[in-house]
Amino acid sequence: MASLWDGILEQTKSAQGKNTDPLLWAIHINSTLNAAGVSLPSVKLADCLVSYICWDNHVPITWKYLEKASTINIVPPLFVIALLSTRVVPNRLLQPAAYRLYMLFLKRYAISLASHISCPNYEKIMKSIDGVLQLSQVYGHKECEPGVILVEFIFSIVWQLLEASLDDEGLLENAPEIKPRWLTKSQHMDIDGPDCFNGKNLEQKDGLQKANTAMAIEIIGEFLQNKITSRIISLVHQNMPSHWECFIQQLQMLATNSLVLRNLKHLSPETLLHFPSNTHKSLSHERKTKLEVNAIMAAGSQISSPSHSHGDNWSSLWIPIDLILQDAMDAEGKVTAISAVEIITGLVKALQAVNGTTWHDTFLGLWISALRLVQRERDPSEGPVPRLDTCMCMLLCTTTLVVANLIEEEEGELIEEAERSLTNKQKDKQTLGKLRVQLVTSLKLLGEYEGLLTPPQSVIQVANQAAAKAIMFVSGHAVGNGYLECLSANDLPMNCSGNLRHLIVEACIARNLLDTSAYFWPGYAHGRSNHIPRSIPGQIPGWSSLMKGSPLTPPLVNVLVATPAPSLAEIEKIYEIARNGSDEERISAATILCGASLARGWNVQEHTVIFITLLLSPPVPRNYSGTESHLISQAPFLNALLVGISSVDCVQIFSLLGLVPLLAGTLMPICEAFGACVPNGSWTLATGEELSCHAVFSNAFTLLLRLWRFNHPPIEHTMGGAATPALGSQLGPEYLLSVRNCLLASFGKSPRDRMRSKRLSKIVTFPAEPLFMESYPKLNSWYRQHKECIASTRTGLPPGGPIHQIVETLLSMIIRKINRGTQSVTPSNSGSSNSSGSAFDDALMKLRVPAWDILEATPFVLDAALTACAHGRLSPRELATGLKDLADFLPATLATIVSYFSAEVTRGIWKPAYMNGTDWPSPAANLSMVEQQIKKILAATGVDVPSLPVGGNAPTTLPLPLAAFVSLTITYKLDKTSERHLVLIGPAMSALASGCPWPCMPIVSSLWVQKVKRWSDFLVFSASGTVFHHSRDAVVQLLKSCFTSALGLGSASIYNNGGVGALLGHGFGSHFSGGMSPVAPGILYLKVFRSLRDAMFLNEEIVSLLMLSVRDIASSGLPKGQAEKLKRTRYGMRYGHVSLATSMKRVEHAALLGASLVWISGGSGLVQSLMKETLPSWFLSENGPEQESGGESGLVAAMLRGYALAYFAVLCGTFTWGIDSSSASPASKRRPSILGSHLEFLASALDGKISLRCDWATWHAYVSGFVCLMVRCTPLWVLEIDVDMLKRLSNGLRQLNEPDLALRLLEIGGKRVMGAAAEMIIGKGF
């Protein structure tokens, strides 16, 4: 072959000497190569010719030969360009004519690329280009896919021209920090002859060089303005950001400083400056326009931007936030391991992306949803549920932290980007993102919602103080916290009325999201400072006194317990005292931390819960050498913390702020230590009360149990909601420890965490070591026994041994009032019983054993007692009294009582108990009232309420274990001490009664109404929910009510507003005007969904209701004849008087509601089932009465169904998995697998491997809509999709006549499909 190429060069040399016509030369060369069997175009010939020309034969005729060879395709033009770029560009100053010819080559062959990718040797040519330019090394990839090399080649050629132009104008010398990537020194600098085209005229040469620079800049502009090459170059932007950053930096330098560019006629500096943003905008606009013309699925959110109006439609965009906030207020089963802040942060990001709203609108929607929650809960019914403190925490702490998360995430990424930047100009500067500005805008707009900003009665004083602070600041009289502490309601003028916006702004300022410039917003500080007293009374103790060094005297402690700490500094001061003070001071500090600062310290709550959690795990003293745990000596201090955080609101605040896993990790060692301690002594508290290790254990243990649904059988652990584990996993102590370990191991690794750490106290140190259940053998053993008890698989008690003795002793204690001569209530193998007169006192002496041993014995005691009652050896009253004595002796046994009775009810082997008022308490006095109230509550849902046995028609019965349990609960007094026990057994009793046949729960509620009248509304509402527990049809009817109310369907007016108010109402209860009224369907559903034992049916029902809603929306509530009169007007398509844009919005709202209900009802498990089973089954089947047919109206309805399902599916995914990779939740880690499975179904159907039975227009709209939303809203999902799957989907979309979407899918698919995207751009002429 060497002789072949030598011969060709000889032919060329001969032709050069004879000045042979280039065409004839090319024909001869082509014949020679064909005769030799060389495949054309030939890269070897190109290499020979370029080497021949540069530089010994750098004459016009040889360049004409090279050009003609490229024209008739015997050499690959792109490879020629690659060869010339390495030889000509470095020598452009010595050989300006060659440089000019090279650029002419570029203009002719490098911009029109279609013929190159269809070349037979395309792959070989690209590899050869890679070999010449070393693109694989420069851009760091191993695979040499032809399309990727083509993108890098085009980008590199333009970049080389850019650097050459900067160098020619001397601009690189002024920016030494910019290192050229492609500009290299010539390897042929020994050429000393003048350019063969220029003679020896130096001025002509200089002029040609300047003209070359101008030409190079023009070619750069041509590449960046050409539709195809600019889009190819934009692939670098999306897939190689670091290289893109360098390129854009140099491009902006040229646009800003080039004198040559300023003198060009057809290219302006602005064109180059705006290229990056113009590229993105043009792609987005083109994509949007194409979709709006070809398919309505993308039109809904684009036709009318929601940011332009804040009416009912805009408000409905945030229904998921309203639902999740309201759901978090349910403490009966809603203490979650995952922070509400994290859940809502992911939800807000998803809604912003899918709704396409501005961030200030998104923030405004978030604030409004939280304010709506406060207004609904401002006058709550009494009961063992969270009240206003939790609600205000949700508004002022949780929601504010969500905003902080979003802002810190943005600014953390900006800081990382600045640190990666070549110039590092911003590295030492504080980086402020755009979201801070958007927050300010949202809070200014929030002032227009006066009705929502009215503070609840108990918050008015604090709001007025916040307003007074702003007024004084604006007037130039800045005041400290000590001044505000002393302002009373009487000190403030009438026109100094604060509202909830004042408190929101203060919460933002406290977290450095705003500064005091907010006080100067128009209308914010309204009032005159001269109406506010300047002087304050002296000697009033408060937080300012503490900071000045005052000791913790009882009066000061009382004030600090009742007054929230104004800032982090005060909380840190108390924390230091709690760590290092005297024993008395430490207890006082613990009491203060658990007071108002925890319940109402909205500006410091996240710090308070962290400090309390850390204090519950005191370090081992340095010189400690005792045999028992070091925790035992700190019993009074630990007990003060445990009692202080035991209220419903406090536990819920820990849950909202994500401290439940950490709190569980601190409670477990306390339970392990105190549960193993023998109560031989006690501690005397300041109140004179005696504190035993059993009491500390019980307080810690019952608090620990409230952190998961301990009383529910395993099957119910599989259900849950947005914050629960995946289907099949159990929310228990192991899970809590697993979450804790993951949180601590991952904290500080993300940009957001690093920003967040700046907000945390500098004196906080989190434990680093992981914890496991095996570290707590006693707790682990109890947990195994507990699970056996719940599952009714407990084994019998073997005779003899210490546990047997404890069982006998406990039985003698709880049956002490029975005649002394009666036989033992224990089984026959239990031995003789102690029935002496001093049985009770003897029992107390014998029960000085570790609490764990008593808990192990308790199930056997309960079994014996319940058996005795069933056989008449123990009366119901004596059983209840004995159980109460057992619970009073060791309150921790309440946990075993709950699990035992729950298991026994499930077994169903006990005879019923007749609630006749003789043996067992009777509910007759209130049962009729309960029935009427239930009917009122459910009136709006259309659900029938089964009749109750009122008036002697039928006996009222309960399962014996439930009757015993209820009898125990109503023996408790409603005082502060009993509250800690009632909040444990109350929800358990409600869950147990709800699972029993109707009307067990109304009977239980009636009994409790007799005990506590003021809990009547709560109890009746709880009873009303059980109607749905026993009827799937009732649940479906309730879901239907949710859709019709939220969407405004079923009304005579097609403009019925619906919305959040119709879905969730405005509060309820008999204390409202008019008494008990129908409860909004959304509130009812949030009450009942968690008790559904099989939530899998919800997917099919919600999809069916969504389709029915779309049908109603498509017909617009008009008679069918009018609906068929579809016509076009200057405002777009219309059904009668209802525009398509309005219909699209309502379809989106229906999908939004449906997705919210699926996510909240079943979390990741239900969404997984939806994607893998429900949706594929729907498309594979005929879809019943919601199908429409006939005419253009039927076509539009079918397309609306497809878009509704696409919107619904994507929303379910975004809510569950998040839109990005910032979430480390298990659900987000399963996203690639579940999404991949669903996309496999789509691709298989598009490939023709699956036969569909749905309407083709519906399928087209679904596929287009799903992929469009994924591309537009969740581009990071696309990066997780398998390469082959992306290509299959892209091909399928092209078959659906969606080439734009097919290309866009590849464009954002990462570098792995960049080549395919480039080839599609070139092949289709995009």
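- T398 has its side chain out of reach of I653: every pair of non-hydrogen atoms, C-beta onward, lies at least 4.5 Å apart.
- Taking each heavy atom of L395 and I504 in turn, the nearest pair found is CD1-CD1, 4.0 Å.
- Applying the salt bridge (Lys or Arg N to Asp or Glu O under 4.0 Å) rule to pairs touching residues 592-613 yields R511-E606, sequence neighbours excluded.
- Proximity of the aromatic rings of F674 and W852 is defined here by a centroid distance below 6.0 angstrom, and this criterion is not met.
- Counting all heavy atoms, side chain and backbone alike, F654 lies closest to V609 at CE2-O, 3.7 Å.
- Relative ring orientation between W708 and Y783 is described as perpendicular, the plane-to-plane angle rising above 60° on a 0-90° scale split at 30° and 60°.
- Across L656 and C393, no two heavy atoms sit closer than the pair CD1-SG, 4.1 Å.
- T563 contributes no side-chain N or O that, together with a main-chain N or O of L560, makes up a donor-acceptor pair within less than 3.5 Å.
- Of the possible donor and acceptor atoms, one in the side chain of S597 sits under 3.5 Å from a partner among the backbone N and O of A565.
- Shown here are the salt bridge (charged side-chain N to carboxylate O under 4.0 Å, His left out) partners of R372, two or more places apart in sequence or in another chain: D322.
- Note that CD1 of I571 and CD of Q605 are 10.0 Å apart. Values are rounded to the nearest 0.5 Å.
- L890 is listed as a side-chain neighbour of S698, based on a closest heavy-atom distance under 4.5 Å.
- Ring-plane geometry between Y1085 and F1089 is classed as parallel, the angle between the planes falling under 30 degrees on a 0 to 90 degree scale with a further cut at 60.
- At least one side-chain heavy atom of F637 sits under 4.5 Å from a side-chain heavy atom of L641.
- Note on residues 586-611: pairs passing ring-ring contact (aromatic ring centres under 6.0 Å, His included), not counting sequence neighbours, are Y575-F611.
- Pairs engaging residues 636-649 under the side chain to side chain donor-acceptor pair (under 3.5 Å) rule: T390-D649, N639-N699 [sequence neighbours left out].
- With sequence neighbours excluded, the residues that form a side chain to side chain donor-acceptor pair (under 3.5 Å) with E572 are S761.
- Contacts of R759 classified as salt bridge (charged side-chain N to carboxylate O under 4.0 Å, His left out), with partners at least two apart in sequence or in another chain: E408.
- Rounding to the nearest 0.5 Å places NZ of K1087 at 11.5 Å from CG of D327.
- E576 is linked by a side chain to side chain donor-acceptor pair (under 3.5 Å) to N580, counting only residues two or more places apart in sequence or in another chain.
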I'd like a table of donor-acceptor pairs (distance under 3.5 Å, sequence neighbours excluded) in which one partner is a side-chain atom from residues 762-777, with atom names and distances.
unit_1: K762; atom_1: NZ; unit_2: K758; atom_2: O; d: 3.2
unit_1: S775; atom_1: OG; unit_2: F772; atom_2: O; d: 3.2

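- Scored by the salt bridge (charged side-chain N to carboxylate O under 4.0 Å, His left out) test, R1014 finds E382 as partners (sequence neighbours excluded).
- Annotation: ring-ring contact (aromatic ring centres under 6.0 Å, His included) contacts of W318 (sequence neighbours excluded): W314.
- With respect to C391, the side chain to side chain contact (heavy atoms under 4.5 Å, CB included) criterion is satisfied by exactly one of Q375, M329, R378: M329.
- Using a 4.5 Å heavy-atom threshold, the side chains of I344 and L325 count as touching.
- Residues E570 and P564 form no side-chain contact, since every pair of their non-hydrogen atoms from C-beta on lies 4.5 Å or further apart.
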(request) List the steps, then state whether side chain to side chain contact (heavy atoms under 4.5 Å, CB included) holds for C671 with F697. (result) CA-CA 5 Å; C671 293; F697 169 78; 4.1 Å; yes

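- The side-chain heavy atoms of L662 and L659, taken from C-beta on, include a pair separated by under 4.5 Å.
- Every residue meeting the side chain to side chain donor-acceptor pair (under 3.5 Å) condition with R586, not counting sequence neighbours, appears here in chain and number order: Q634.
- In terms of the side-chain contact (heavy atoms from CB on, under 4.5 Å) criterion, residue partners of S692 (sequence neighbours excluded) are, by chain and number, H694, A695.
- Across L615 and L638, no two heavy atoms sit closer than the pair O-CD2, 4.0 Å.
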